[in-house]
Enquirer: 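There's a structure below that I have some questions on.
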Amino acid sequence: MPERSPTPVRRPPLVHRAAQVLLTAAVACAPLAGCGDGALESSPAELGSYAGGGTTPASDPDGRGTGGGAFPGSGGGTDEPGEDPDDETAGTGGAGSSPGRPPEPFAPSPPVMPRLTAAQYRNTLEDLFGPDLPRTPIEPDTNPYLFWSIGAATTAVSELGVEQYAEAAFVVAAAVFADEARRSRALTCAPAAADDACIDAYVRGLGRRLYRRPLTEDEVTRWVAVSRDTAEGDPLRGAESVLAGMLQSPAFLYRIEAGEPAPEADGGSRRYTSHEMAARLAFFLTEAGPDDVLLDAADRGELVSPDALEAQARRLLSTPRARAAVQAFFAQYLDLGRLEHIELDPALFPGFSRGLVRAMETEVRLLVDDLVFRRGGDIRGLFSARRGYVNADLAELYGVDAPGATASAFVPVTFPEDTPRAGVLTLGAFLTMNAHRIETSPTLRGKYIRERVLCQDVPPPPANVNLDLERAEGDPPTLRERLEQHRENPACAGCHAFIDPPGFLFENYDSMGRWRDAVDGYPVDATGDLDGVPLNDALDLAKALSTHPRVGACITRQVYRFANSRLDTRGDRAALAGIESAFAASGYDFQSLLVALVRSEGFRTLAAPEVLP
């Protein structure tokens, strides 16, 4: 290939004629019904929005945006705790319909057209051009309903975000073309001119990977023209401009899904195209764009078949990217991001450190990997199994022997019967991130159980209620008594009667997860209940959750939302019921859940576009 000095990084604003040509092509018309490729300033909200959005910045220390008041677990939002008024399965744990009643017919939802999350953006580029690409800031992710994928479908790109995507595009393109090894992964020939057959092949190959479909002939013509008009006598410079332009195109930054008529459609419903399914499958299971194997299958039209999708899903689940994607799901589902911001009073909690918090998060990730990829089995055991992964610090915290554990080495342990640990809810991560700086919080711990584990609604507290329960002169001596006093306020009684009883079950664990029998000389009362069933402690709760019908249904529901980048609706109930049934039949094997979801109508079909009068 021709040798040349690396192209200087060009950053926006872009003022010369070549850059103007480049950006004109980057926003040229794409195959979305009645719409162009769309300038970034205007495309996000119009291409994909979900009513009732709201945002939570990725930097939000609580990581708990609720999207306009609905709790992040259900997305429903109700006046009374526990039940979604539109949920016929309330109280049953089912994801589909009430016992004895057939589910409503499945009704597909409109496409939401999410933007790539930060992880999807960077993973896609690393798969194409190799690791360790330069990183510049891009539009931050949001999680209005637990998941970045939903935030990517409900928020518009800011003006700053447009500039950041442009700058990132030029920085990445410059890095790729300054490195022959990276450049050769996309440009496999030596162009003699900026618009010759080599550039034509480069445009087609690069566009296929970035746009996740073959380019139209008009698109090829436009991008070859970009190369010619920006080359300034250097074919490689023109090729670099093509890359910088494609990286700014909404066809790359957004998953534009219009679908096609389904052959068996009744009433005009649609299915995602084979290429759209390649992208949906890849971003769901690997958090990256489709590889060549997937795109080849899409070119053959295979990915409209559930059997073909299952085969590809099982192939992808064997890759390192899938392990990382599963970890990303559980990190968001379990809210592990909040651990980064935990601070405890060092005088009250000696031994607490950032290293200990990192070990707590690592333990949860190792348990997830064990249950999903290594040993497999019932994923509900995450909340009930007597297993952990400890380093030396965690072994000391839990009071267990762990031969081989060091500050950096984690070893699996099975907690003996006399050790009060069973499931992640009795381990350090959950206990620490659902506590206050100086004392525990039965309310936070109970709220987490309701929302995250059981997918039940917990309305926000009234605006005029004092939430400070720190002990003052004349207050009852124990936190439990102060909470019971707090519940005498009629505005607080309903919610606290719902969330505090399961939260009290964890009172034997302090704010960093240490076991305790007394607080300030007063014996700990860790009794409580779950939906009226009396329980003695957190171990009783773990046993109850091991077979609780809502646990499997909640995991199903959350994976469905994560995969579809939206909340579920009434029309999804039949699909959710079918997925949950397959999940249960597999013994609640998590990989089987992912495969069942990929095969379902809820993942493969979309509503017909509205016809305006």
Side-chain angles (χ1 to χ4, degrees), residues 323 326-327 329-331 333-340 342 344 349 351-435 440 445 448-449 452-453 502 505-517 526 537-548 551 555 588-590:
R323 293 179 96 115
V326 166
Q327 289 290 349
F329 165 77
F330 277 98
Y333 169 40
L334 300 175
D335 209 13
L336 297 183
R338 279 198 291 132
L339 286 169
E340 181 181 350
I342 296 299
L344 299 182
F349 301 100
F352 179 80
S353 66
R354 300 312 308 167
L356 180 63
V357 172
R358 286 191 294 271
M360 292 173 177
E361 179 176 354
T362 298
E363 178 178 34
V364 176
R365 291 181 177 276
L366 288 170
L367 283 168
V368 166
D369 191 70
D370 188 40
L371 279 167
V372 177
F373 292 104
R374 279 182 285 174
R375 291 195 311 156
D378 188 339
I379 191 64
R380 297 175 303 172
L382 187 65
F383 301 112
S384 58
R386 282 186 165 275
R387 284 180 61 80
Y389 278 85
V390 300
N391 66 352
D393 292 336
L394 288 176
E396 181 180 357
L397 180 70
Y398 300 153
V400 296
D401 293 327
T406 67
S408 58
F410 289 75
V411 298
V413 294
T414 298
F415 295 116
E417 290 297 321
D418 61 353
T419 299
R421 309 283 171 175
V424 294
L425 301 179
T426 61
L427 301 182
F430 163 78
L431 297 166
T432 298
M433 70 184 181
N434 291 290
T440 61
R445 289 171 175 178
Y448 186 104
I449 300 301
R452 302 267 172 171
V453 183
L505 298 166
F506 299 94
E507 276 299 276
N508 279 125
Y509 308 94
D510 70 9
S511 290
M512 64 182 281
R514 296 177 303 194
W515 178 263
R516 62 187 185 175
D517 292 305
D537 52 27
L539 297 184
D540 277 1
L541 178 64
K543 184 177 180 180
L545 293 177
S546 68
T547 57
H548 196 294
V551 175
I555 295 172
Y588 293 97
D589 174 78
F590 190 76

Enquirer: Is the shortest side-chain heavy-atom distance between Gln327 and Val372 below 4.5 Å?
Expert: no

Enquirer: With rounding to the nearest 0.5 angstrom, report the CG to CD1 distance, Asn434 to Ile342.
Expert: 8.0 Å

Enquirer: Ala538 and Tyr509: which non-hydrogen atoms are nearest, and at how many Å?
Expert: CB-CE1, 3.8 Å

Enquirer: Just verifying a value: how many Å separate Arg452 CZ and Asp335 CG, rounded to the nearest 0.5 Å?
Expert: 3.5 Å

Enquirer: Test Leu541 against Phe506 for side chain to side chain contact (heavy atoms under 4.5 Å, CB included), laying out the working first.
Expert: CA-CA 9 Å; Leu541 178 64; Phe506 299 94; 3.5 Å; yes

Enquirer: Can you sort out the partners of Tyr333 under ring pair (Phe, Tyr, Trp, His ring centres under 6.0 Å), two or more places apart, ordered by chain and number?
Expert: Phe329

Enquirer: Taking side chain as C-beta onward, heavy atoms only, is Arg386 less than 4.5 Å from Leu539?
Expert: yes

Enquirer: What is the distance from atom CD1 of Ile449 to atom CG of Leu505, rounded to the nearest 0.5 Å?
Expert: 8.5 Å

Enquirer: Taking all atoms of both residues into account, what is the closest heavy-atom pair of Leu397 and Arg514, and its distance?
Expert: CD1-CG, 3.3 Å

Enquirer: Test: salt bridge (charged side-chain N to carboxylate O under 4.0 Å, His left out). Region: residues 370-382. Which pairs qualify, not counting sequence neighbours?
Expert: Asp369-Arg374, Asp370-Arg375, Asp370-Arg387, Asp378-Arg380

Enquirer: Do the non-hydrogen side-chain atoms of Phe330 and Leu371 ever get within less than 4.5 Å of each other?
Expert: no

Enquirer: Tell me, please, which residues at least two apart from Arg516 pass salt bridge (charged side-chain N to carboxylate O under 4.0 Å, His left out).
Expert: Glu507

Enquirer: Under the side chain to side chain contact (heavy atoms under 4.5 Å, CB included) criterion, do Leu334 and Leu382 qualify, and how do the steps go?
Expert: CA-CA 11 Å; Leu334 300 175; Leu382 187 65; 4.2 Å; yes

Enquirer: Could you state the interatomic distance from OG1 (Thr406) to CG (Asn391), rounded to the nearest 0.5 Å?
Expert: 7.0 Å

Enquirer: Assess the residue pair Tyr448 and Met433 against the criterion (side chain to side chain contact (heavy atoms under 4.5 Å, CB included)); give the C-alpha distance rounded to whole Å, side-chain angles, the decisive distance to 0.1 Å, and a yes or no.
Expert: CA-CA 10 Å; Tyr448 186 104; Met433 70 184 181; 3.7 Å; yes

Enquirer: Name the atoms and distances for all side-chain donor-acceptor pairs under 3.5 Å in residues 419-430, with sequence neighbours left out.
Expert:
| from | atom 1 | to | atom 2 | distance (Å) |
| --- | --- | --- | --- | --- |
| Arg421 | NH1 | Thr426 | O | 2.8 |
| Arg421 | NH1 | Gly513 | O | 3.0 |
| Arg421 | NH2 | Gly513 | O | 2.8 |
| Thr426 | OG1 | Ala422 | N | 2.7 |
| Thr426 | OG1 | Ala422 | O | 3.3 |
| Thr426 | OG1 | Gly423 | O | 2.9 |

Enquirer: Could you report the tightest heavy-atom contact between Ser546 and Ser384, atom names first, then the distance?
Expert: CB-OG, 3.5 Å

Enquirer: Measure the spacing between CG of Leu367 and OH of Tyr389 and express it to the nearest 0.5 Å.
Expert: 7.0 Å

Enquirer: Please report the shortest heavy-atom distance between Val390 and Ala402, naming the atom on each side.
Expert: CG2-CB, 3.5 Å

Enquirer: Looking at Thr440, Leu431, Thr432, which hits side-chain contact (heavy atoms from CB on, under 4.5 Å) with Ser511?
Expert: Thr440

Enquirer: Tell me if a side-chain donor or acceptor on Arg445 pairs with a main-chain N or O of Pro502 at a distance below 3.5 Å.
Expert: no

Enquirer: Rounded to the nearest 0.5 Å, what separation is found between the CG atom of Leu394 and the OG1 atom of Thr362?
Expert: 8.5 Å

Enquirer: Going by ring pair (Phe, Tyr, Trp, His ring centres under 6.0 Å), name the residues that satisfy it together with Tyr588, two or more places apart in sequence or in a different chain.
Expert: Phe583

Enquirer: Heavy atoms, side chains only, cut-off 4.5 Å: are Phe373 and Val368 in contact?
Expert: no

Enquirer: May I ask you to decide if Trp515's main-chain N or O and Asn508's side chain share a donor-acceptor pair within less than 3.5 Å?
Expert: no

Enquirer: Could you pull out the closest heavy-atom pair between Phe349 and Met512, with the gap in Å?
Expert: CB-SD, 3.7 Å

Enquirer: Any side chain to side chain donor-acceptor pair (under 3.5 Å) pairs touching residues 392-401, not counting sequence neighbours?
Expert: Glu363-Tyr398

